Amino acid sequence: MAGGALPGFRDFYPDEFAQRAHIFRAWREVARKYAFVEYDGPPLEPLDLYTKKSGDEIAGQLYNFTDKGGREVALRPEMTPTFARMVAERANALRKPVRWFSIPQLFRYERAQRGRLREHYQLNVDIVGEGSELADAELLSVAISIMKELGLDAADVRARVSDRRLLNALLTEIGIEESRQGAVYAVLDKFARQPREVSITKLTEAGLSADMVEAVLELPTVKEISALRENLRNSATVKPHLDRLTTYFAHLHSLGVSEWVDIDLSIVRGLAYYTGIVFELFDAKGELRAICGGGRYDNLLNDLGGADLPALGFGMGDVVLGELLKERHLMPESSGTGADLFFVGGNGALEHPIGDALRLVHLLRAAGFSVDYGLSADRYQTQPTRNQVDSAKKSGARAVICFSSGTEVLVHGLAGKLKEAPAHTFASRPLLAADETAFAALKDWFAASITSRHPSND
RNA sequence: GUGAUUGUAGCUCAACUGGUUAGAGCACCGGUCUGUGGCACCGGGGGUUGCGGGUUCAAGUCCCGUCAGUCACCCCA
């Protein structure tokens, strides 16, 4: 449609905003449980923050331009460089290990597709200053706990785990020299998405012998450490890395998330800076793109900011996650205002002009209620009450309130059938006189009688 | 950036091989109904058929371009 948002950008109408808020709430709630603290940085950064170290692969998709001061700038495509700079600047002062998270809006200039827009929000969770595999286990546990928090289970989402150091050792043991390992990584990354013959061709072209090719193509099928060839498993080069992965899995088990996790040595991660355990979260059916990806990047802080600290982290975008939640009907369907009270004109509207109505609304709000009403002074007295109540229901309000006579105020619940809903009348005079005990009585009754109309959405 | 495919109201869709003022349901607005008020019914607003050209007596329908969506590449979050 013409005149809409720019391609790849989204308008968040209240319903969509509620869904976004639902995801953000889960992110923040779980981060808090794991004792991470929130930070943020600028959405606009110097261009070279991204071109210097991340390489050309990212440069072609940057949303960049020259600002009015002649500076080359870019909308941030990822948070890690900003994070690295912030940590490096205060590396000595920060208490380790650092547990930080952020929910930046990120931008990339590339053709939009399902699950990939030009803009998205991405939870970033990072740990700095801890090199042990326990930190890796803690990090993955955060990601999985978010899935749980949103109502997903181990049948919906799978975590796939690999380890760059282990993979390096395995390839070396197979006899592949380091200069050719990059090509092998590329093939492993695409192993599931391209025909086996293509993989074989590419590996052969990379200079691997038939034996090596066979050994490499076995790797993605390994589901347990014991399934590795014996000579690989027992090699002195490989063993320490296998031991670490074993310990890592033991920690995951203790943290209660091991049933979500599979070994998958074809998980490579595109970004070149990963150095250790890496992981991705996928929907179990494999219909969508990765929900989440991350791992250990022990050299990046040093390369980027000169702080020699081990670090690890993950990013989780709102787009794919949102699609999965919608598919599983785990998203709030519609928002409504959810106001406590909706004021309508009742039988007493003629005795109480709009001024009285507004005064009551004002006092109710001052007493702590959220109050909605039709913004027409005219219809307050002329529109049939039943039609006003219809509007109140559609608004999602929990109860209606009106002048039911010259001397009384009626509060009536909107949950369920109107006839069965709780209702109560209060004397209007003390309420209009801002009598505190009258409002206290109203609040008590409301709290005891009126239930939320959307108990499942909260 | 490459290729394929789609584009009618806010949403989901209709309109025979081109043929009167492009329709319906839902949603929205107003109203009616004092025993099914999260119901039924009545009425209303809203579309230069994505946009721009072309063919034709006549285009939502055919052709070209363009923009946008979707999918697959590329690549990655």
Side-chain angles (χ1 to χ4, degrees), chain A residues 1-11 13-16 50 54-63 75-81 102-125 143 185-186 189-190 193-195 198 267-274 278-282 287-295 313-323 333-334 336 344 347 374-376 378-379 382-398 400 412-421 423 453-454:
Chain A
M1 294 289 167
L6 286 170
F9 286 76
R10 296 169 289 175
D11 289 328
Y13 289 85
D15 284 355
E16 285 101 51
Y50 305 111
S54 295
D56 297 335
E57 58 184 38
I58 230 170
Q61 295 165 346
L62 280 170
Y63 230 111
L75 291 167
R76 59 187 174 193
E78 55 168 332
M79 198 57 178
T80 304
S102 188
I103 305 181
Q105 188 176 21
L106 305 179
F107 305 86
R108 310 200 80 167
Y109 196 89
E110 61 179 353
R111 190 144 169 183
Q113 297 179 39
R114 185 181 190 201
R116 289 175 75 195
L117 307 173
R118 286 182 172 177
E119 146 278 320
H120 73 147
Y121 292 90
Q122 187 190 63
L123 171 68
N124 276 247
V125 175
Y185 278 10
D189 188 37
K190 289 190 179 167
R193 281 171 287 153
Q194 73 187 6
V198 176
I267 296 296
V268 172
R269 303 287 303 148
L271 296 173
Y273 52 62
Y274 288 109
V278 291
F279 67 89
E280 295 186 343
L281 259 53
F282 288 88
E287 292 169 347
L288 304 171
R289 296 167 188 281
I291 297 165
C292 166
F314 71 77
M316 181 187 294
D318 70 313
V319 180
V320 175
L321 179 58
E323 283 170 4
E333 295 286 336
S334 71
V344 306
N347 293 336
L375 288 171
S376 164
D378 184 34
R379 282 200 294 276
T382 61
Q383 188 174 42
T385 301
R386 60 168 175 271
N387 290 346
Q388 294 192 54
V389 173
D390 263 350
S391 298
K393 286 189 150 189
K394 287 176 184 171
S395 81
R398 299 165 69 186
V400 288
H412 201 310
L414 287 173
K417 291 184 180 174
L418 213 53
K419 265 193 111 165
E420 297 163 7
R453 296 189 61 210
H454 303 291

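Sequence lines set the chain letters: A, B, ... in the order given, protein chains first and strands last, and positions in each chain run from 1. All of these numbers come straight from a predicted model, not from anything done at the bench. Heavy atoms only: backbone and side chains are in, while hydrogens, waters and symmetry mates are out.
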[X] side-chain proximity, nearest of [options]:
X: Gln61(A); options: G3(B), U32(B), C75(B); result: C75(B)
X: Pro7(A); options: G3(B), G69(B), G31(B); result: G69(B)
X: Gln113(A); options: C75(B), U32(B), A72(B); result: A72(B)

At under 4.0 Å between heavy atoms, what does [X] touch on the DNA or RNA strands: base, sugar-phosphate, or nothing?
X: Arg114(A); answer: sugar-phosphate
X: Gly8(A); answer: sugar-phosphate
X: Gln383(A); answer: sugar-phosphate
X: Leu117(A); answer: base
X: Arg379(A); answer: sugar-phosphate

Between [N] and [M], how far apart are the two [atom1] atoms, rounded to whole Å?
N: G7(B); M: U49(B); atom1: P; value: 15 Å
N: C76(B); M: U12(B); atom1: P; value: 34 Å
N: G45(B); M: A24(B); atom1: P; value: 12 Å
N: C42(B); M: A27(B); atom1: P; value: 15 Å
N: C62(B); M: G1(B); atom1: P; value: 28 Å
N: U48(B); M: G60(B); atom1: C1'; value: 12 Å
N: C64(B); M: G3(B); atom1: P; value: 15 Å
N: C33(B); M: C39(B); atom1: C1'; value: 11 Å

Exercise. Hey, does the side-chain of Arg386(A) have a donor or acceptor N/O within less than 3.5 Å of a partner on the base of U32(B)?
Worked result: no
Exercise. For the base of C75(B), is there a side-chain donor-acceptor partner from Arg116(A) under 3.5 Å away?
Worked result: yes
Mind listing the closest non-hydrogen atom pair of [X] and [Y] along with its distance?
X: Ala421(A); Y: Ala415(A); result: CB-O, 3.9 Å
X: Val319(A); Y: His120(A); result: CG2-CB, 3.7 Å
X: Asp11(A); Y: Glu16(A); result: O-OE1, 3.7 Å

Report the base-pairing partner of [N] (Watson-Crick or G-U wobble, both distances below 3.5 angstrom), or none.
N: C75(B); answer: none
N: G25(B); answer: C11(B)
N: U70(B); answer: A4(B)
N: U32(B); answer: A40(B)
N: G19(B); answer: C57(B)

Problem set entry | Flag if over 12 foreign heavy atoms under 6.0 Å of OH, Tyr109(A) | no
In whole angstrom, give the distance that lies between atom [atom1] of [X] and atom [atom2] of [N].
X: Asn387(A); N: C39(B); atom1: CG; atom2: C1'; answer: 14 Å
X: Tyr63(A); N: C75(B); atom1: OH; atom2: P; answer: 22 Å
X: Leu6(A); N: G50(B); atom1: CG; atom2: P; answer: 21 Å
X: Glu420(A); N: G35(B); atom1: CD; atom2: P; answer: 16 Å
X: Arg118(A); N: C76(B); atom1: CZ; atom2: P; answer: 18 Å
X: Glu287(A); N: C71(B); atom1: CD; atom2: P; answer: 12 Å
X: Tyr185(A); N: C76(B); atom1: OH; atom2: P; answer: 15 Å
X: Arg193(A); N: C73(B); atom1: CZ; atom2: P; answer: 8 Å

Problem set entry | Spacing of Gln383(A) atom CD and Asp390(A) atom CG [to the nearest 0.5 Å] | 9.0 Å
For this session: Output yes when at least one side-chain N/O atom of Lys394(A) is less than 4.0 Å from OP1 or OP2 of A27(B), else no.
Result: no
Exercise. Between Lys190(A) and C74(B), does any side-chain N or O lie under 4.0 Å from OP1 or OP2?
Worked result: yes
For this session: Map Glu119(A) and Arg111(A) onto RNA chain B by nearest heavy atom, then report which one ends up closer to the 5' terminus.
Result: Arg111(A)
Exercise. RNA chain B: Val389(A) or Pro384(A), which has the more 5' nearest nucleotide?
Worked result: Pro384(A)
For this session: Tell me whether the guanidinium CZ or amine NZ of Arg118(A) lies under 6.0 angstrom from the six-membered ring centre of Phe107(A) and within 45° of its axis.
Result: no
For this session: Give a yes or no answer on whether the side chain of Arg76(A) reaches the backbone of Gln105(A) with a donor-acceptor pair at less than 3.5 Å.
Result: yes
Problem set entry | Lys/Arg N to Asp/Glu carboxylate O, Glu323(A) vs Arg114(A), below 4.0 Å | yes
